[in-house]
Structures are given as structure tokens and as C-alpha cells.
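What follows is a short report on a single structure.
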Amino acid sequence: MSSRLLTIWLSLFVSLPLAAQGASPAIPTPRSVLGFEPGDDRRLADWPTLLRYYQALARASDRIDIREIGKTTLGAPFVALAISSPLNLRRLDVLRRLNSRLADPRTIRSNRDAATALHDARTTVLITSGIHSDEVGGSLTPVMLAYRLATDTSAATRAILDDVVLWLVPSLNPDGVSIVAKWYARTVGTPAEGSDPPELYHTYVGHDNNRDWYAFTQIETRLVVDSLYNVWHPQIVLDLHQQGSTGSRLFLPPYLDPIEPEVDPLLVDGINALGQSIAWELAVQGKTGISVNAIYDAWTPARAYGHYHGAVRILAEAASADLASPVQVPFDRLQASARGFNPRERSWNFTMPWPGGRWSLRDIVSYQTESAYALLQHAARYRDRWLSSFLSVGWHAVRGWRGWPYAYVIPRQQDSMALATLLGILTRGQVEIRVAQQAFTMSGQRYAAGTFVVVLRQPYAAFAKTLLEPQRYPDRRLYPGGPPERPYDVTAHTLPLLLGLKVALVDDTLRVPLSAPVAPPRATPGYPGFTASGGGAPRIGVYRSYLAPIDEGWTRWVFDTWKIPYVSVVDSVARAGRLKEKLDVLVLPDQGPRDIAEGVPQRRYPPPYPGGLGPDGIQALRQFVTEGGTLVALNDASRFVIQALLLPVRNVLEGVPAEDFYAPGSIFRIVIDQNHPIARGLGSEAAAWFEDGPAFDVLDSSQVRVVARYPDDPGDLLLSGWVRHPERVAGRAALVEVRVGAGRVVLFGFRPQYRGQSLATYPLLFNSLQLH
Ligand SMILES: [Zn+2]
């Protein structure tokens with residue numbers, strides 16, 4: 001963009017706030033603290049700078065409060081801004097109590113009571129931004145939004161401030177803001193400009209940080225759930241994201257099918273109406289390239305805590321540039337194969353195609369800021385409808401839906417860590433857990449006094465039900481009889497299976513006295529055999545690719561949480577060889593063969609990042625195993641090791657198209673050889689997380705031992721989720737040990753520590769580390 005054009009752009013962008021400054025002269029402009037205008041090409045701010053701005057804004061404006069609600073994984077302040085009229089901010093506690101009553105209809109005693117609460121309450125909106133730190137608009141849009149709400153004197157903004165309480169989380173991942181800003185500043189003007197950093201932008205879980213909204217494994221998730229969702233009970237949640245560069249300029253709901261069946265239909269109506277209303281408002285402003293009802297479905301609670309807690313979740317996905325560097329996207333490079341629409345053709349859900357051309361951070365910030373503002377206008381204008389809908393959703397849950405079971409029963413005599421995890425998750429999700437005060441018998445089964453009971457008639461019953469029941473993902477095809485239609489994410493989230501717990505369903509009323517809601521039991525993670533003091537503890541390495549695969553982070557998170565010591569092994573260390581002198585075990589987290597071998601590209605990244613393991617690394621792995629080391633390969637990494645070490649094992653799914661086998665994140669039954677040391681502590685069967693993994697045929701049984709296999713009967717395979725053509729893997733090996741020289745390779749065909757949730761199969765991984 002020429003400097004003259006840039007000036008025009010800038011003046012368009014800042015004219016409104018500057019004009020409004022007369023009313024509040026002391027309010028700092030973004031430029032005065034950041035040193036640039038949010039949206040300027042090639043300019044990003046780190047978290048301390050952004051934080052300074054929000055603090056200055058809150059000091060200067062009586063429309064903004066700032067609260068530090070905790071510290072991030074790396075110890076940075078995690079903040080939320082409350083934005084509303086000065087009057088509302090002064091009586092925030094009163095408004096919070098009103099909202100809490102609407103959230104739990106059991107506290108509303110009469111129609112008059114309801115009418116008063118509905119009249120006095122404000123729409124509560126939660127806007128969360130920047131969970132994915134390389135979607136850099138997300139770190140700057142909240143600056144523009146907060147500044148506008150602090151300074152604008154228009155009637156529309158006054159209505160928003162009067163009728164809405166906005167909680168704005170300017171970054172759901174402050175650590176990542178600085179990681180990305182630092183990498184960008186270091187690489188701008190080099191071939192690596194605009195590339196992703198060679199590390200996860202959330203220390204442990206990278207991009208999976210927005211797949212954590214029911215497992216609550218990470219500090220940042222817990223802070224938002226505990227201090228915002230569960231306290232302020234938003235009716236509307238806006239989550240700001242970015243998508244690729246070659247699709248629509250902005251996605252807004254409605255979502256595609258399937259909608260997860262426990263999501264209240266009123267919420268789906270609210271999502272559809274609100275998403276469309278934002279799209280309409282942006283179209284009126286002349287913004288083009290907006291798609292609705294495309295790409296994103298609403299199947300998983302992992303991304304949508306709100307959908308199980310009375311809130312609509314509006315996902316806004318703006319097209320990306322190259323971080324803060326502008327991109328050129330000619331019209332004919334727009335990706336014609338997008339799901340649900342074609343960015344080159346007008347359709348009902350893509351009414352005005354974008355003509356192609358330059359796309360910059362300023363465009364992103366503008367689309368996102370205007371989306372948020374339009375959402376707030378809707379929240380203000382339809383306050384009565386949002387609040388009464390919210391109350392109705394609560395009523396539906398408290399009264400129970402037709403066809404819902406009465407309760408779930410969870411026996412107490414089970415693995416204490418798994419039980420503490422399940423009941424801890426339900427409690428954090430505000431599900432009430434009671435205990436049976438006497439022993440009782442149900443379906444011929446006796447349950448002791450103290451058995452946990454989750455009665456479904458309660459405000460957040462949907463959250464409990466979706467996590468406790470097996471998922472039956474619909475058999476969706478691209479066209480009748482055609483290949484499977486890929487879901488946006490995985491298809492299963494049944495916690496009792498992932499945790500290895502027995503849970504029973506109660507269809508009718510349970511005839512046993514129940515306690516008041518109880519606190520969940522506590523347990524401390526730990527596994528025998530890893531304490532250094534005992535001697536003989538394995539020296540463990542975890543391979544750390546500069547492509548930053550998410551599973552590498554999850555592996556470290558699980559090891560840190562379970563106090564399993566390890567060191568990270570980067571390419572240069574692996575390529576240098578003599579690994580056996582330093583390590584007994586090397587873990588290769590889930591990563592594709594080519595990515596492991598080649599790493600980040602040479603032409604783009606500076607040393608020491610490019611190259612992957614390469615031939616030297618592969619030679620080093622072979623030597624390590626031959627000399628007695630244990631190499632543990634997880635999921636896709638197993639395919640790498642089979643090829644690299646020429647193991648006598650064949651992946652029966654290699655090259656099999658989706659038409660012939662499909663399971664995009666499902667829970668499978670595995671049958672276990674309990675005599676194998678890797679199976680120590682497990683029963684004869686377990687539930688394993690299957691996601692694009694291999695399944696094995698053994699080519700030389702003198703060298704290979706099968707530790708776990710899929711059941712022979714294809715009908716027994718699927719426990720939760722979706723599978724097409726289960727016969728492809730029925731009877732095949734899921735976990736094998738291959739002897740090589742003095743050492744061994746352990747190949748997992750599933751993900752034993754899936755997103756920190758699959759405690760049922762953790763022992764298989766932990767035991768694999770102790771074979772030396
Ligand atoms: Zn994102």
C-alpha cells in the first residue's frame with residue numbers, strides 16, 4: 001500500500017475515536033502506548049505492552065475496569081476487562097447476582113420474580129480473543145474495541161454500555177502473544193517473515209488450547225471458566241479467530257450440521273439469528289466475502305463451554321495475512337473447494353464475493369472490530385430476548401428433556417485419579433454431584449452407600465450428559481453413497497471411556513436418599529518407578545521437532561503433571577548420535593513421517609531450525625535401539641519408525657482412502673495381552689483414542705509381540721464416535737513391541753495420552769518407558 005493510501009486508511013480508521021476524544025481528553029490512544037496504530041503493516045505488540053495499554057485505559061475511563069484473574073502458564077498476568085456504563089460498573093455485584101438467578105431457575109420463585117429479574121438484568125457478553133496466537137488480529141482487535149467503547153459518544157455505543165455488561169478477555173493466551181511478537185520481530189525482512197515460530201505458542205498445547213473447554217487441563221482454561229463463565233454467566237460469547245487466507249474474508253455462524261444433540265435448540269436459534277445479524281450489519285457497511293453456514297460444525301463441547309451453559313458461542317474467523325505482513329490473494333487463487341460454499345461464487349450463505357487483492361492486518365482488525373460491535377448492538381437491542389431465552393434454557397434443563405435418563409450412577413470403588421478427574425471436571429462445569437446415603441440395587445447390581453449420583457434435572461445437565469454418554473456421530477456423506485463428510489474436529493468425548501471408569505445409567509427415579517451436592521474427591525497424579533532416588537529410573541527423552549507438533553506439548557504436559565522426568569531432544573542432539581549414553585528411552589510424539597524426517601523448510605527458516613531428523617538422525621535412532629535403547633513411537637510417528645528402521649510390521653491402513661476406512665477421532669475397544677509388561681495394571685480390555693493412526697500386521701512374529709489388538713468382530717470395535725468400515729482394522733494389532741538388536745521399538749497405533757484425557761491408556765505409555 002502506498003503511503004498516501006495508508007494515510008487515507010488511517011484517517012478513516014481513527015477519525016471516529018479522535019473526534020470522540022473531546023469528551024474524554026485523558027483517554028490514551030492506542031498509538032500513545034503501542035507506538036503504532038493497531039492494524040499497521042508489520043507491527044505487533046508483546047503482552048507487557050498491550051497490558052500497559054489496558055491498564056492505562058482502565059485508569060482513564062469510568063467505563064472500563066480491569067481485573068487480573070490469575071497468572072498464565074509462564075507466569076504472565078491474565079486479565080479481563082469489564083466494560084459497561086459507569087452506573088452498571090458501580091453496581092456490578094447486583095447485576096452479577098441477578099444473572100446468577102436467571103442462570104439457575106430453581107432460585108426463581110414466581111412469575112413476578114422472573115419478570116423483575118428479567119427487567120433489571122443486563123445482557124452479559126463475553127468476548128474472548130487471541131487464543132491462537134498466530135491469529136494476530138486477535139491481539140490487536142481488543143485494543144480497538146476497548147478504545148472505541150471507552151471514547152465513543154454515539155447513541156449506539158451509549159445503548160451498548162447501558163444494556164450490556166461486556167467481559168473482554170484481550171488474550172486467552174498472553175504467553176503466546178509475546179512468543180509470536182518476538183519471533184515476528186526477529187524474522188521480519190528475512191525469508192522467515194510471516195512464518196510460524198518454531199515452538200508451540202502455548203507452552204504445552206499450542207493450537208489445542210481451544211480444545212480444552214471440557215477437560216480443563218490448562219491454567220488459562222481454568223481461569224476463564226472459574227472466574228468468568230461460572231461467575232458472570234454470559235448469554236453470548238464471541239470468540240475471535242482467523243482462518244486461512246484463501247477462503248472467505250470472514251466466517252460467522254450459523255454452523256454446519258451436525259449440532260451436538262445436547263445443545264439446547266433455543267441456543268441454536270440464537271446462534272443462527274445473531275450470526276446472520278452480524279453478517280448483515282457488516283454487509284451494510286460494504287464489507288464483502290462473508291460466509292455463513294460453512295466449514296465449522298457444532299459437534300464438540302471441547303470448543304464450546306457456553307453451549308452447555310446457556311450461552312451462544314459465536315465464532316468469528318477472519319481471513320489471515322502472513323502474521324502482520326500483508327498478502328496478495330488474486331481472485332483465481334481463492335479456494336474453490338471450501339466446505340459449504342465457493343468463495344468465487346455468490347450463494348445464499350456467501351452473498352457478496354470478495355474480489356481478491358491485497359489483504360492485511362488492518363482488514364482483519366476492521367472485520368473483527370466491526371463484528372464485535374455489531375454483536376454488542378444486537379445484545380443491547382434484544383436484551384429482553386437474550387435474557388428470557390437464557391432463562392428458558394435453564395428451565396428446559398431443570399425440568400429435563402423427554403427421553404433423558406433420570407441420572408448417572410458412578411461407583412466409588414474405582415481408580416481414584418480417574419474418579420477425581422471425572423468428578424472434578426463435572427464440578428468445574430457446575431454440575432451438582434450427590435451421593436447415595438444408603439446401599440441400593442439397580443438392574444441386579446448392588447451399589448454401596450456413598451455411590452456418586454448425577455441427577456440430570458439441573459441447570460447444566462447437558463454438560464454432564466454429553467460427557468457421560470457415548471457419542472453416536474451421524475453417518476454423513478459428501479453425497480448419497482459417497483465418501484464420508486469430514487467433521488470439523490473429532491467425534492467423541494465420552495469421559496468414562498477415556499478415563500476407564502464404570503458409569504451406569506438410571507432410566508427411572510432412583511429410590512434412595514441422596515445427599516446435598518458434594519465436593520469431588522481429590523487425588524494426586526503419580527506413577528511408580530520414575531523417582532530418581534530409587535535408582536534405576538529410566539532416562540527419558542522426548543523428541544521436540546521445530547515444526548512444533550501439538551502432541552509433543554501434550555506429552556510434556558502429561559509427564560510434568562505425572563512427575564515423570566524427561567529431557568527434550570532437538571534435531572541437532574538427535575543427529576549427533578550416541579543417544580544411548582544419555583538416554584534409556586526416546587519418545588517420538590504423534591507426527592507425520594515426512595515432518596519428522598524433514599522438519600521446517602531450509603529455504604525459509606534460519607539455523608538451527610531446518611532439516612528434521614534427516615539421515616543422520618535416522619542412523620542415530622537405529623544405533624540407539626541396537627545398543628539397547630527403547631524407542632516409543634506414538635500414532636503417526638509409528639509410520640515413520642516402521643519405514644526408517646525397516647521394521648517387520650505393516651500398516652494395513654497405509655494409503656487406504658477415506659471411502660474404505662474412516663475414523664476421524666473416535667474411541668475404540670482394544671483387547672490386551674495382560675502377560676506383557678507394557679500391559680501391567682490393565683484389564684483384558686481398554687478404550688483407546690483412535691485418530692488417523694496406523695493399524696498393524698505382524699510380518700515376523702519371532703521379532704514382534706502384540707500387546708493390544710482390535711477385537712475380531714468389527715461390531716465390537718466402536719465405543720464412541722464414528723467409524724466407517726471397521727472390518728479394515730478388526731483383529732489387527734493396535735500396540736506392538738518390536739525387538740531390534742539389544743533394544744526395542746514400541747509402536748502405538750492410537751494416542752495413549754490424547755489431549756491429557758485418556759487416563760485409561762496412560763499406563764501403556766508409562767510402562768513402555770520402563771522396559772530397559
Ligand atoms: Zn483459531
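Counting from 1, the numbers follow the sequence of the chain as shown. As the structure lists them, so they are numbered: ligands from 1, and atoms in each ligand from 1.
Salt-bridge formation is detected for the pair R303/D297: a Lys NZ or Arg NE/NH1/NH2 atom is positioned less than 4.0 Å from an Asp or Glu carboxylate oxygen.
Between W554 and W557, the ring planes are perpendicular. Angles over 60° get that label, and only those under 30° would be called parallel. Ring-plane geometry between H132 and H207 is classed as parallel, the angle between the planes falling under 30 degrees on a 0 to 90 degree scale with a further cut at 60. Using a 30° and 60° split on the angle between ring planes, W47 and Y54 fall in the tilted class, from 30° to 60°.
Residue side and main chain included, E135 places an N/O/S atom under 2.8 Å of the Zn ion (ligand 1). The Zn ion (ligand 1) has an N, O or S atom of H241 closer than 2.8 Å.
The closest approach of H132 to the Zn ion (ligand 1), by N/O/S atoms, is made by ND1.
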